[in-house]
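All heavy atoms count here, side chains included; hydrogens, waters and symmetry mates do not. Remember, predicted model here, so these are calculated numbers, not experimental data. We count residues from 1, following the sequence as given.
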Amino acid sequence: MKTLIIIGVIILLVFIAFQVYWLYQTNKTEIQRYEIIASGDNYEIRHYPSATMATIHSQANQYSEFRNRGFRTLAGYIFGGNESNKQISMTSPVHMDFNESSSTMSFVMPSVYKKSDLPKPNDSSITIHESPDEYIAAIRFGGFASEKDIRAYSEKLENALNSVPITSIGTYKYLGYNPPFQLLFRRNEVVVKVLWDANQKLVNP
């Protein structure tokens, strides 16, 4: 019995050390820049300046169907799968936009790079482009995201925006901030582009 307790304590300590390590690594990762313009109840309006993105398109229409395959493809590009064999630092978040007809996944390139600075991907399905300067509404949640979570928080954000009202543009997107092996302190967001009036007053949903 004593041996089992010791083994259990060791396993717990290893688990805690592993999670602390990944939390430290996540905190070192560059996060896409934005400015919080206004805050409602559980959601924010943000301004995102233009950023350089690497994007892959797919006919998949579900989060679970696309997340692993899309991530592997884009990770291959930044880990040297390009004409210069160049290693590019990982940033966060990973952007995912999926609907009934198609999906996209994007990695934000480190802010030191412009489109012209980046090597051509070996995989022709990856495109390098500049995102537009835009206003975004965002709602955050923790844990491991599922399609059910993404739908629920999309609906919650939509209801909040309708109550103001604020006009949304296009589809709701998912932003993921953490590697899959980080179990604690996970950050997920659902976002949508909005028309923002500087005189707009936010209200609780």
Side-chain angles (χ1 to χ4, degrees), residues 26-27 29-58 61-63 66-67 70 74 90-118 127-143 145-178 185-205:
T26 300
N27 289 339
T29 301
E30 180 182 345
I31 296 178
Q32 184 180 8
R33 292 186 299 116
Y34 64 83
E35 178 186 2
I36 299 174
I37 302 300
S39 296
D41 185 10
N42 298 321
Y43 72 100
E44 296 174 340
I45 303 298
R46 304 170 179 170
H47 174 254
Y48 280 84
S50 178
T52 306
M53 316 279 274
T55 297
I56 183 171
H57 296 259
S58 171
N61 58 13
Q62 294 185 348
Y63 171 67
F66 186 40
R67 60 183 175 182
L74 289 171
M90 184 74 190
T91 69
S92 68
V94 175
H95 292 237
M96 285 189 68
D97 180 7
F98 45 94
N99 53 58
E100 292 301 320
S101 59
S102 63
S103 300
T104 63
M105 178 182 285
S106 300
F107 280 9
V108 184
M109 297 292 98
S111 56
V112 295
Y113 294 110
K114 295 181 179 179
K115 180 181 176 181
S116 57
D117 300 326
L118 291 164
T127 59
I128 308 298
H129 62 98
E130 303 288 342
S131 66
D133 184 282
E134 57 191 359
Y135 289 94
I136 294 291
I139 189 168
R140 184 186 299 197
F141 60 100
S146 65
E147 290 176 43
K148 182 179 178 181
D149 292 327
I150 294 169
R151 286 195 299 269
Y153 280 91
S154 295
E155 183 177 341
K156 187 173 182 179
L157 181 57
E158 182 180 20
N159 290 338
L161 296 178
N162 287 340
S163 70
V164 178
I166 293 175
T167 301
S168 62
I169 304 170
T171 58
Y172 286 71
K173 302 177 182 180
Y174 167 72
L175 306 185
Y177 285 80
N178 311 101
F185 308 108
R186 296 185 64 81
R187 176 180 176 182
N188 310 282
E189 293 176 343
V190 170
V191 303
V192 67
K193 185 177 179 179
V194 295
L195 290 177
W196 177 247
D197 178 353
N199 297 315
Q200 184 77 62
K201 300 297 183 182
L202 300 189
V203 298
N204 293 341

Check for a donor-acceptor pair, side chain of [X] on one end and backbone N or O of [Y] on the other, with a separation under 3.5 Å.
X	Y	answer
T91	V108	yes
E134	K193	no
S50	S131	yes

Are side-chain heavy atoms of [X] and [Y] found at a separation under 4.5 Å?
X	Y	result
Q32	Y34	no
I136	E189	no
L74	V94	no
S168	E158	no
N178	F185	no
L161	Y43	yes
K156	N42	yes
D133	H47	yes

The residue among H129, E130, K114 that forms side chain to side chain donor-acceptor pair (under 3.5 Å) with T52 is E130
Quick one: [atom1] on [X] to [atom2] on [Y], what's the gap to the nearest 0.5 Å?
X	Y	atom1	atom2	answer
I128	D117	CD1	CG	11.5 Å
I166	W196	CD1	CH2	5.0 Å
M105	T55	CE	OG1	10.5 Å

Should M53 and T104 be marked as a side chain to side chain contact (heavy atoms under 4.5 Å, CB included) after you check the CA-CA gap, both sets of side-chain angles, and the distance that decides it? CA-CA 12 Å; M53 316 279 274; T104 63; over 6 Å; no
If you apply the rule side chain to side chain contact (heavy atoms under 4.5 Å, CB included), what do you find for I150 with Y172, and how did you get there?
CA-CA 9 Å; I150 294 169; Y172 286 71; over 6 Å; no
If you take all heavy atoms of [X] and [Y], which pair is closest and at what distance?
X	Y	value
N188	G143	ND2-O, 2.8 Å
A137	I45	CB-CD1, 3.8 Å
N162	P165	O-CB, 3.4 Å
L157	V191	CD2-CA, 4.3 Å
S111	E30	OG-OE2, 2.8 Å
K173	D97	CE-OD2, 3.6 Å

Check your understanding: According to the interplanar angle, ranging from 0 to 90°, do the rings of Y174 and F141 count as parallel (below 30°), tilted (30 to 60°) or perpendicular (above 60°)?
Key -> tilted
